[in-house]
Amino acid sequence: MPIVRLRPPLRELAEGRREVSVEGGTVVDVLRDLERSHPRLGGWILDDRGRVRQHVAVFLGGERVDGDARVASEDRLEVIGAVSGGAATELLVGTRKGLFVLRGARGGEMDVVARAFPGSSVEFAIRDPRTGRYFASVTHGQFGPRVYLADDPTGAWEQAEGPRFPEETDTTLVRTWVITPGEGDGVLYAGVDPAALFESRDDGVTWELNRPLWDQPSRPDWGPGAGGLCLHSICPWPGEPDRLAVGISSVGVWVTEDGGASWEIGNAGIVPRYLPEETRSTEPLARCVHNMHRSPLLPERLFMQFHGGVYRSDDAARSWTSIARGLPSDFGFPMIIDPKDPEAAYVIPLNSDLDRVSAEGRLRVFETRDAGATWTGRTEGLPQDDAYLTILRQAFARDEETPLGLWFGATSGDVFGSSDAGATWRVVARDLAPVLSVRAA
């Protein structure tokens, strides 16, 4: 039986195995059997037509071979991924017409290796790095929202039990905006519309409503933003499972220090310019948060993209300071941070709430490396003339590599990527359906 030796990053996808025994035949036969025995390799080595991908090299007896070469029982194959583009990357791209799974060399070409849930809106999709399990929030036009899970995004998906509102709430789920791994074993959180937090303690199989947040006395005063009354940002505190912050449009920031048993509002310092000036300081709610992230290395620091404002908190959301100076517009939806640099964040400004396209007709990603004191527009490889694109709330993603990898998708159906922390950009996918979310798996 032939032996296949795998090099990183393919080795990690085969559960860290350096060598694997498989059946014989041609090189393609051997690799197809390898993908069957290790489903996470599916789509990384062979494309959807069963051919060896361009970014994969296969060596037999020290010589590079193609997919038709014969392999004897005593032979050893060596499979090397991304020989010309660095580590391999997987993107989960949720669109109005299904989930697209993109794979390819980091910094090189990417291919669509699978499409799931055709015809439905995939609001969000993510891979839990702790378990390798994938989750997708899917909204069907006639049958409503569901959450699905899978161990292999190119294979079959299983429907989870929930999120679903208890009967006594007399409430119907509209959509699931975000799914976020928690700090406890098996814990995940889901943020939904109408604004509520659901928790799973069994790796996403079943979900339960957090009643203290749902039963907030102020809830009758909560109003929706243009996208609905949505809990879209969930920020765990690294190493402290009882501490959590969530962002709700159009209510504000809520913080718990006791595992969700009680909640406090965290809106101090946020200026809602869309409210009459005389009510901005007297109205504690009506804060239309668009996106919020916590720095893993400095957990008391959070960054926020607001509906007309960009903010930073240095005291775990007790107060907020404007950091929008230097941006062409302080309106936008997506935001990400660099997990290895608590001074770093990225935003993609749009013109305004009345003109939600890339600011000044130029597609620019703005980066700060000094906690918002200054901003730098990153433009190389992005269209700068008559570029009127819209990038939605969850459609901006990053990995945890060095240098940082960044990706975002537009409602035009194009997906852009950078493998050098935003210094240069390229198109990694074209002509998909309008993009709702992007995450690096």
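- Looking at Glu35, its side chain never comes within 3.5 Å of a backbone N or O of Pro39 through a donor-acceptor pair.
- Ring to ring, Phe333 and His290 are close: their centroids are under 6.0 angstrom apart.
- No side-chain donor-acceptor contact under 3.5 Å links Thr154 to the backbone of Ala114.
- Taking the centre of each ring, Phe117 and Trp157 come in below the 6.0 Å mark.
- Although no hydrogens or angles enter the test, the distance criterion places no donor-acceptor pair under 3.5 Å between the side chain of Glu367 and the main chain of Gly422.
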Could you pull out all donor-acceptor pairs under 3.5 Å where a side-chain atom in residues 174-188 meets a protein atom, sequence neighbours excluded?
| residue | atom | partner | partner atom | Å |
| --- | --- | --- | --- | --- |
| Arg175 | NE | Glu123 | OE2 | 3.4 |
| Glu183 | OE1 | Gly239 | N | 2.7 |

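- Pairs of residues two or more places apart, or lying in two chains, never qualify as salt bridge (charged side-chain N to carboxylate O under 4.0 Å, His left out) while including a residue from residues 382-395.
- Under the side chain to side chain contact (heavy atoms under 4.5 Å, CB included) criterion, Ser322 pairs with Tyr311, Ala324, not counting sequence neighbours.
- Nearest heavy-atom pair, Pro339 versus Leu297, reported as atom, atom and distance to 0.1 Å: O-CG, 3.6 Å.
- Ser295 contributes no side-chain N or O that, together with a main-chain N or O of Arg301, makes up a donor-acceptor pair within less than 3.5 Å.
- The side chain to side chain contact (heavy atoms under 4.5 Å, CB included) search around Ile265 returns Trp254, Asn267, Leu285, not counting sequence neighbours.
- Proximity of a side-chain donor or acceptor of Asp338 to a complementary backbone N or O of Ala344 within less than 3.5 Å is not detected.
- Counting heavy atoms from C-beta on, the side chains of His140 and Arg146 never come closer than 4.5 Å.
- Residues Ile337 and Pro296 have side chains in contact (heavy-atom distance under 4.5 Å, counting atoms from C-beta outward).
- Side chain of Arg273 to backbone of Gly308: a donor-acceptor contact under 3.5 angstrom is found.
- Looking at Asp203 and Arg133, no side-chain N of the basic residue comes within less than 4.0 Å of a carboxylate O on the acidic one, giving no salt bridge.
- Panel note: side chain Arg294, backbone Ala316; no donor-acceptor pair is recorded below 3.5 Å.
- Legend: residues meeting salt bridge (Lys or Arg N to Asp or Glu O under 4.0 Å) with Arg364, ordered by chain and number and at least two apart, are Glu360.
- In this structure Glu63 satisfies the side chain to side chain contact (heavy atoms under 4.5 Å, CB included) test with no other residue, sequence neighbours excluded.
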